[in-house]
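Here is how names work: the chains are called A, B, and so on, in the same order as the sequence lines, proteins then strands, and each is numbered from 1. Not measured: the values here are computed from a predicted model.
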Amino acid sequence: MADNEEKSLTAESSSTSAKPSVAGENREPITEKKKCGDVEEVSVATELNRLSIKEEEKRDSVLHEPEDSNIEAVISGDTVYTSASRFEDLNLSPELIKGLYVEMRFEKPSKIQAITLPMIMTPPYKHLIAQSHNGSGKTTCFVLGMLSRVDPTLSKTQALCICPTRELANQNMEVLQKMGKFTGITAQVFVPTGVPVAKQAPVSPHVAVGTPGTLKKWMTYEKLDLSHLKILVFDEADHMLATDGFKDDSLKIMKDIEYQKKKKNLDTSFQVLLFSATFNETVRKFVEKIVKGDPNKLFVERKALTLDSVKQYKVVCPEEQNKIEVIKDQIMELGDIGQTIIFVETKVSADKLHKALAEMGYDVTSIHGSMTVADRDTVVKEFKANLTQVLIATDVIARGFDQKQVNLVVNYNLPCTYNTEEPNYEVYLHRVGRAGRFGGKGAVFNLLLDDGWDKEAMEKIEKYFGANVKEITTWNSEEEYKGALKEAGILG
DNA sequence: AAAAAAG
């Protein structure tokens, strides 16, 4: 109930939405253009290199960026976008600027923010498909994008963000509320609460954030009117539009928005932003078809996606039971290494591992989709408050979950693709990305069995990302684990 | 068989 109450972000009086300049007068454009049909292939590598030298000098900035070379950008149309080296370059309202500095405590845009924010905010508002590394600041891109495009004086829902899980929806809502605290913009999260949607009163927050099922419900019961929508965001877009993900729901919501607009004889167009750290070839092709009319695109080369700051290790355990011993003896007894997430494949194995460790007297929590929403919320709240140190999880929190203190990720099982022999490369990358947020240090332990599939899958993953995954050669050697964690920089 | 969902 409380979750679905409309929340005002207001702390001060509102202002009209800001419009950024089309191109900076005194700044150099980020692009070197090469004509290629009606689309221009644009290399931003030169600019990025220049930026990284600059950033090297200012070491103490809040946002530490992982290396962002190997980015490929395609800009459509004639608009020249200028990389925003400061938030002031974006013509944001003073209230939004205040939110960025005072509430978020940002100093300047991260690389992905510097590049995409002008693309998002400059009219004509083009669609954007943007890929960038885990922990590089994508959320700020689309949250700021939504906030900057909302007119606070118009009491209509103008921005919508669709997320794959309630946890991510809640997390994005928190960021939005913080960033927009001084703007007067209202926002509401749409996730299951236990109260039937049919019994809810109609609402019209400026910004809506939610999960597909609940959003669909609110729309079909005509409790949420999106006929004035200006901007639609898909967080974890590759999963939101994947066949084995939320493709049908996502397309249905897009159709319903158009229908709502048509019914009121309003312009049916709206800007679409697609953000993710991963876009495999299949999804990428499909995604490019979804957003019509030459979207701006930003992609990262696959081999450049793994974070250098997060060291990866693998260890072959003779028996399944040994995995629990590794967790017990090598991880639970380490002392101060920050927080840990242990990923398992199924809900049942999450419960089993939780029970096993609890019986040995260890203080762990777990989260998966069969738990009550109240329990899920509590577990996340406690973990985010640093009250718990070890969290066992299914892939509910594989994507997007942002907790800076997570230094260690354990893959109790390697992620596999359902009904195939293939490992799930995307999920692997997302899990690993829970550690080392915003350039922080991290380590990953992959617990393998000696049964063939595990080792093969691990090798495929290494090859796919060109990753260096070092082997811990003796599964029960304390020195080796400690050495690994010291090497990763998370053990003193 | 992860996830979302008064399906």
- Query: What is the distance, rounded to the nearest whole Å, between atom CD of A/E345 and atom P of B/dA3?
  - Reply: 10 Å

- Looking only at B/dA2, B/dA3, B/dA6, the nucleotide nearest the A/D244 side chain is B/dA2

- Most 5' of A/Y221 and A/P212 on DNA chain B, judged by nearest nucleotide: A/P212

- Note on the structure: For A/Y412, the ring pair (Phe, Tyr, Trp, His ring centres under 6.0 Å) test, sequence neighbours excluded, returns none

- How would you label the contact of A/K347 with the nucleic acid (heavy atoms, under 4.0 Å): base, sugar-phosphate, or nothing? sugar-phosphate

- Quiz item: A/H239 side-chain donor-acceptor pair to B/dA4 base, under 3.5 Å: no

- Message: So, using ring pair (Phe, Tyr, Trp, His ring centres under 6.0 Å) as the criterion, who are the partners of A/F234 when residues are at least two apart?
- Response: none

- Examine B/dA4: is either OP1 or OP2 under 4.0 Å from a nitrogen or oxygen in the side chain of A/S250? Give yes or no. no

- Ring-on-base stacking B/dA2 with A/Y418 (under 5.5 Å, under 30°): no

- Message: How many whole angstroms separate atom CD of A/E236 from atom P of B/dA4?
- Response: 13 Å

- Nearest-Å distance, CE (A/M219) to P (B/dA4)? 20 Å

- Query: Among B/dA2, B/dA6, B/dA4, which is the nearest nucleotide to the side chain of A/R376?
  - Reply: B/dA4

- Message: Given the ring of A/F286, does A/K247 sit roughly above its face, with NZ or CZ under 6.0 Å from the centre of the six-membered ring and within 45° of the axis?
- Response: yes

- Message: Using whole Å, what does the distance between atom P of nucleotide B/dA2 and atom CG of A/L414 come to?
- Response: 16 Å

- Message: Is the shortest side-chain heavy-atom distance between A/Y481 and A/V326 below 4.5 Å?
- Response: yes

- Separation of A/K216 atom NZ from B/dA3 atom P, in whole Å? 18 Å

- Query: So, are A/E222 and A/K263 salt-bridged, with charged N and O less than 4.0 Å apart?
  - Reply: yes

- Per atom distances to the A/T394 side chain, the nearest of B/dA4, B/dA5, B/dA3 is B/dA3

- Message: What is the separation between atom CG on A/N424 and atom C1' on B/dA2, rounded to the nearest whole Å?
- Response: 10 Å

- Query: Out of B/dA1, B/dA2, B/dA3, which has the shortest distance to the side chain of A/T346?
  - Reply: B/dA2

- Query: Within this structure, what is the CD-to-C1' distance between A/E422 and B/dA1, rounded to whole angstrom?
  - Reply: 18 Å

- Query: Over how many whole Å does the gap from A/N170 atom CG to B/dA4 atom P extend?
  - Reply: 11 Å

